[in-house]
Amino acid sequence: MVGGAQEHLLAAAFGQDRAVQLLRRRDGERNGLNSAFQEAVSAVWRVWWTHLSQPVTLASLVDPALEGRLARVPGGEPHRLLLGRGCWYVTALDLQRVEAGLLRAWHADGQPPIIFHHRDVRDRIISQIQLLSGPAERVGSLPDHLIYRDIVGALPTMDGRITLALTDLAFPGMEEARRCQWLARHPAVTVISHDELAGPAHGGTAEARQEAVTRLLHVTGHPARPVEPSSGWMRFSAGATPGDQLGTTRCAR
């Protein structure tokens, strides 16, 4: 059954008249409704992500007109268009760049939950250097990564690359790491460390990983369940149909 939240999203995306037409279709004609709903969900996620000042890539293209329509929703409203038990699962969140209306709404009612995937800055530096030193296809399409891949590649030693990362304020990820420390200190933010999620195959423990995933499930309102040790991703919610749209959070192992 399609509820009021789904109707609200469809109306914001396509207009009230179009939403009513979609919702009145008989069961045998629901393909159009499902397709429109999926399109609206993808667009509102992209708008939401942009409001959070996160980079969007060519892989996340949606209809520009639809994205523009949802982007004009007042600042505190986009997260209310997201259905089910969503959350902000972030590795950084710059207070000076995030859309102010979203932060005010979150400060007022604590929704959606913020989960901060914290990683020691030393590990972040080494990981970023390894990424930028690797094959071009792994670097992706973000402009700063492309530029700094050339710079890192021109330095012959790891010591030189580490010095670059520590002294160049524009080195990818460094300014972001400095500006996200509030997340580790705010009492309403759930902090999950990279080491906790690593698991025994990557230097952590099964107990710490299970406890971290239990906290993730609790804060997003999902029942706890054991983690599959062989899984490369821990995906604990899914679905994208008008009758049951839940947010999806993935935690890198």
Side-chain angles (χ1 to χ4, degrees), residues 46 48-60 87-104 106-107 113-205 208-209 212 215-216 232-234 249-253:
R46 182 179 168 97
W48 195 47
W49 201 239
T50 302
H51 280 326
L52 290 174
S53 76
Q54 303 300 312
V56 291
T57 67
L58 297 176
S60 58
C87 66
W88 295 351
Y89 189 100
V90 297
T91 56
L93 205 57
D94 188 337
L95 290 175
Q96 296 188 12
R97 297 176 59 194
V98 176
E99 207 281 329
L102 286 181
L103 283 177
R104 291 192 184 100
W106 176 78
H107 183 264
I114 294 180
I115 299 170
F116 176 41
H117 184 126
H118 176 64
R119 191 174 188 187
D120 184 274
V121 67
R122 293 165 295 186
D123 290 341
R124 292 176 68 138
I125 289 172
I126 298 301
S127 179
Q128 191 72 281
I129 290 173
Q130 290 174 339
L131 173 67
L132 296 174
S133 303
E137 60 269 16
R138 292 183 54 203
V139 174
S141 60
L142 295 176
D144 59 338
H145 285 59
L146 296 174
I147 296 300
Y148 271 87
R149 182 177 184 272
D150 296 339
I151 296 173
V152 168
L155 297 173
T157 67
M158 178 58 83
D159 284 347
R161 294 171 181 181
I162 292 175
T163 299
L164 170 71
L166 292 173
T167 57
D168 187 339
L169 295 180
F171 188 83
M174 290 305 297
E175 182 65 15
E176 180 182 66
R178 295 185 183 97
R179 301 186 71 88
C180 71
Q181 293 308 303
W182 72 271
L183 288 161
R185 302 183 178 114
H186 198 287
V189 175
T190 299
V191 180
I192 304 293
S193 77
H194 199 78
D195 292 337
E196 286 178 308
L197 292 174
H202 300 274
T205 67
R209 184 179 177 191
R215 296 206 313 275
L216 285 171
W233 292 96
M234 292 177 287
T249 302
R250 290 181 175 179
C251 317
R253 187 176 69 176

Are the side chain of Trp182 and the backbone of Leu93 linked by a donor-acceptor contact shorter than 3.5 Å?
yes

Do the rings of Phe116 and His118 sit parallel, tilted or perpendicular, given the 30° and 60° boundaries?
tilted

Could you check if a side-chain atom of Ile115 sits within less than 4.5 angstrom of a side-chain atom of Val191, using non-hydrogen atoms only?
no

Side chain to side chain donor-acceptor pair (under 3.5 Å) partners for Asp120, two or more places apart:
Arg122

Minimal heavy-atom distance between Ala198 and Gly204, with the atoms involved, is CB-N, 4.3 Å

Checking Val90, Leu95, Thr190 against Leu183 for side-chain contact (heavy atoms from CB on, under 4.5 Å), the one that qualifies is Val90

Can you measure from CG (Asp195) to NE2 (His202) and round to the nearest 0.5 angstrom?
12.5 Å

Taking every non-hydrogen atom, the tightest pair across Leu169 and Arg178
CD2-NH1, 3.7 Å

If you define the side chain from C-beta out and look only at heavy atoms, does anything of Ile129 sit under 4.5 Å from Phe171?
yes

Here the pair of heavy atoms bringing Ala177 nearest to Val121 is CB-CG2, 4.4 Å

side-chain hydrogen bond (donor to acceptor under 3.5 Å, both in side chains) contacts in which one or both residues fall within residues 161-173, not counting sequence neighbours:
Ser133-Arg161, Tyr148-Asp168

Minimum heavy-atom separation for Leu132 and Arg149, please, with both atom names.
O-CG, 3.1 Å

Taking the side chain as everything from C-beta on, heavy atoms only, tell me whether Arg119 gets closer than 4.5 Å to Thr91.
no

Show the nearest heavy-atom pair for residues Ile125 and Ala165, with the distance to one decimal.
CG2-CB, 3.8 Å

Find out whether Arg179 and Arg97 are in side-chain contact, i.e. whether some heavy atom of one side chain is under 4.5 Å from a heavy atom of the other.
no

Pro172 vs Asp144 side-chain heavy atoms within contact, under 4.5 Å:
yes

Kindly check if the number of other-residue, nucleotide or ligand heavy atoms within 6.0 Å of CD1 (Ile147) is above 12?
no

Minimum side-chain heavy-atom gap Arg215-Glu196 below 4.5 Å:
yes

Compare every heavy atom of Arg124 with every heavy atom of Cys180, then report the nearest pair and how far apart it is.
SG-NH1, 4.4 Å

